[in-house]
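A short write-up of the structure that comes next.
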Amino acid sequence: KDIAEASAELEPLNKVIVGFNVKAIDESKEVKIITADIIYRIIDEIKKWQDGEKKKLEAKELEGMTRPCKIQIIPHCIFRQSNPAVVGVEVVYGTLKLGIPLIKANGNKASEIKSMQKDGENVQDAKRGEQIAIALPNLTVGRQINENDILYSDISEEEFIKYKKLKRFLNSEEIAILKEIAEIKRQENPVWGV
């Protein structure tokens with residue numbers, strides 16, 4: 001009966017049965033069963049399981065979406081002016097991923113990330129505080145971008161609305177970046193993302 005009730009739960013993090021000082025029962029595919037003779041062990045197991053499940057849900061929900069990110073072009077780190085422009089950047093906030101489109105702080109489209117390298121090795125992503133070199137096609141340094149420029153990931157309005165619904169999966173840093181991006185986009189369209 002308990003397994004049937006737990007499996008009927010709509011919230012995935014509530015699909016769990018906890019047993020204190022009882023004989024363990026067979027595992028279920030749909031429901032997590034946690035039993036122990038020590039209450040602290042049960043609490044630790046629940047927290048560990050919920051953290052793992054949250055990460056799985058987050059990955060599933062946010063899969064394929066452009067992650068919020070803010071980067072700054074590092075002064076004196078212009079490796080190529082154009083075709084493609086190769087510049088050194090620091091990830092100020094968020095996670096920078098290969099292939100994401102970028103916009104400037106004034107809302108103009110910049111480019112998309114063609115490739116990324118850290119210490120001579122190709123990488124797929126970079127986290128806050130990391131300094132990497134990125135290749136940006138269809139840009140010329142000194143014309144469209146300059147040293148110290150701030151660039152943001154170009155999030156579409158549909159993605160922004162979806163992020164608002166999935167806010168519980170974002171950290172405070174990503175929420176702050178989304179607000180900055182929304183302010184930039186609303187300079188051109190006051191009802192963007194509303």
Side-chain angles (χ1 to χ4, degrees), residues 51-52 54-189 192-193:
D51 289 344
K54 282 180 186 175
K55 283 189 168 87
K56 286 181 195 172
L57 287 171
E58 175 185 345
K60 185 178 175 187
E61 290 292 334
L62 300 176
E63 191 175 293
M65 292 178 65
T66 304
R67 297 304 296 239
C69 182
K70 179 179 180 179
I71 61 174
Q72 182 172 20
I73 299 173
I74 301 170
H76 313 296
C77 288
I78 308 301
F79 305 111
R80 187 183 299 159
Q81 296 281 133
S82 62
N83 294 332
V86 179
V87 297
V89 298
E90 180 172 350
V91 181
V92 180
Y93 292 114
T95 302
L96 185 66
K97 292 199 178 258
L98 186 66
I100 67 165
L102 298 171
I103 58 170
K104 296 191 282 185
N106 63 7
N108 292 342
K109 296 211 180 288
S111 183
E112 73 175 38
I113 298 175
K114 180 179 177 184
S115 65
M116 298 172 31
Q117 284 192 353
K118 181 176 181 177
D119 300 326
E121 299 286 324
N122 288 334
V123 293
Q124 298 295 312
D125 58 23
K127 301 201 179 326
R128 179 183 184 177
E130 289 188 89
Q131 294 183 345
I132 60 167
I134 60 173
L136 301 168
N138 307 317
L139 274 184
T140 303
V141 177
R143 288 188 183 164
Q144 291 95 353
I145 59 170
N146 296 297
E147 294 178 348
N148 289 316
D149 278 1
I150 301 284
L151 302 172
Y152 295 87
S153 52
D154 189 8
I155 294 176
S156 69
E157 189 171 11
E158 295 79 25
E159 286 178 319
F160 181 78
I161 292 168
K162 190 172 179 182
Y163 273 126
K164 283 177 24 179
K165 292 176 185 171
L166 300 172
K167 196 175 185 177
R168 67 185 184 274
F169 295 121
L170 302 174
N171 61 39
S172 58
E173 190 177 276
E174 290 175 316
I175 292 169
I177 299 167
L178 283 172
K179 286 179 182 177
E180 287 183 42
I181 293 170
E183 287 174 20
I184 291 168
K185 298 281 191 171
R186 288 177 184 151
Q187 292 172 4
E188 189 178 308
N189 177 4
W192 186 89

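Values in this document were obtained by computation on a predicted structure and should not be read as measured data. Residue numbers run from 1 in the order of the sequence given.
Minimum heavy-atom separation, I155 to R67: CD1-C, 4.4 Å. Across K97 and D125, no two heavy atoms sit closer than the pair NZ-OD2, 3.8 Å. Of all non-hydrogen atoms in S111 and L139, the two that sit nearest each other are CB-CD1, 3.7 Å. Here the closest heavy-atom approach between residue A133 and residue V86 is recorded as CB-CG1, 4.5 Å. Counting all heavy atoms, side chain and backbone alike, P137 lies closest to K114 at CD-CB, 3.8 Å.
Although no hydrogens or angles enter the test, the distance criterion places a donor-acceptor pair under 3.5 Å between the side chain of R186 and the main chain of W192. When atom types are taken as modelled, the side chain of K164 and the backbone of G193 share a donor-acceptor pair closer than 3.5 angstrom. Side chain of S156 to main chain of E159: a donor-acceptor pair is present (N/O by atom type, distance under 3.5 Å, no hydrogens or angles). Within the 3.5 Å criterion, the main-chain N or O of E173 finds a donor-acceptor partner in the side chain of N171. At distances below 3.5 Å, not a single donor-acceptor pair connects side-chain atoms of E188 with backbone N or O atoms of G107. Within the 3.5 Å criterion, the main-chain N or O of V141 finds a donor-acceptor partner in the side chain of Q81.
Annotation: side chain of V91 is not in contact with side chain of T95 (no heavy-atom distance under 4.5 Å). The closest side-chain heavy-atom distance from I71 to I150 is not below 4.5 Å. Side-chain contact between V89 and I132 is present, with heavy atoms from C-beta onward closer than 4.5 Å. Looking at L96 and I134, their side chains come closer than 4.5 Å, going by heavy atoms from C-beta outward. P68 places none of its side-chain heavy atoms less than 4.5 Å from the side chain of Y93. Looking at heavy atoms from C-beta onward, Y152 lies out of side-chain contact with L102 at the 4.5 angstrom threshold.
To the nearest 0.5 Å, atoms NZ (K109) and CG (N138) are separated by 13.5 Å. Taking CD1 from I103 and CG from L151, the interatomic distance works out to 9.0 Å, rounded to the nearest 0.5 Å. Note that CD1 of I74 and CD of Q131 are 3.5 Å apart. Values are rounded to the nearest 0.5 Å. Here CD1 of I145 is found 8.5 Å from OG1 of T140. Values are rounded to the nearest 0.5 Å. To the nearest 0.5 Å, atoms CZ (F160) and NZ (K165) are separated by 12.5 Å. To the nearest 0.5 Å, atoms NZ (K104) and CD1 (I73) are separated by 9.5 Å.
By the 6.0 Å contact criterion, CG on N148 is enclosed, its count of non-hydrogen atoms from other residues, nucleotides or ligands being greater than 12. Within a 6.0 Å radius of CG in N146, more than 12 heavy atoms belonging to other residues, nucleotides or ligands are found. Open room surrounds NZ on K56; 12 or fewer heavy atoms of other groups in view lie less than 6.0 Å from it. In N108, the CG atom is crowded: over 12 heavy atoms of neighbouring residues, nucleotides or ligands sit closer than 6.0 Å.
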V92/R128 under side-chain contact (heavy atoms from CB on, under 4.5 Å): CA gap, chis, key distance, verdict: CA-CA 6 Å; V92 180; R128 179 183 184 177; over 6 Å; no
Test log, rule side-chain contact (heavy atoms from CB on, under 4.5 Å), inputs L170 and L178: CA-CA 10 Å; L170 302 174; L178 283 172; 3.5 Å; yes
Step-by-step salt bridge (Lys or Arg N to Asp or Glu O under 4.0 Å) determination, E157 to K185: CA-CA 9 Å; E157 189 171 11; K185 298 281 191 171; over 6 Å; no
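Under 3.5 Å, the side chains of E90 and Q72 contain no donor-acceptor pair of N or O atoms.
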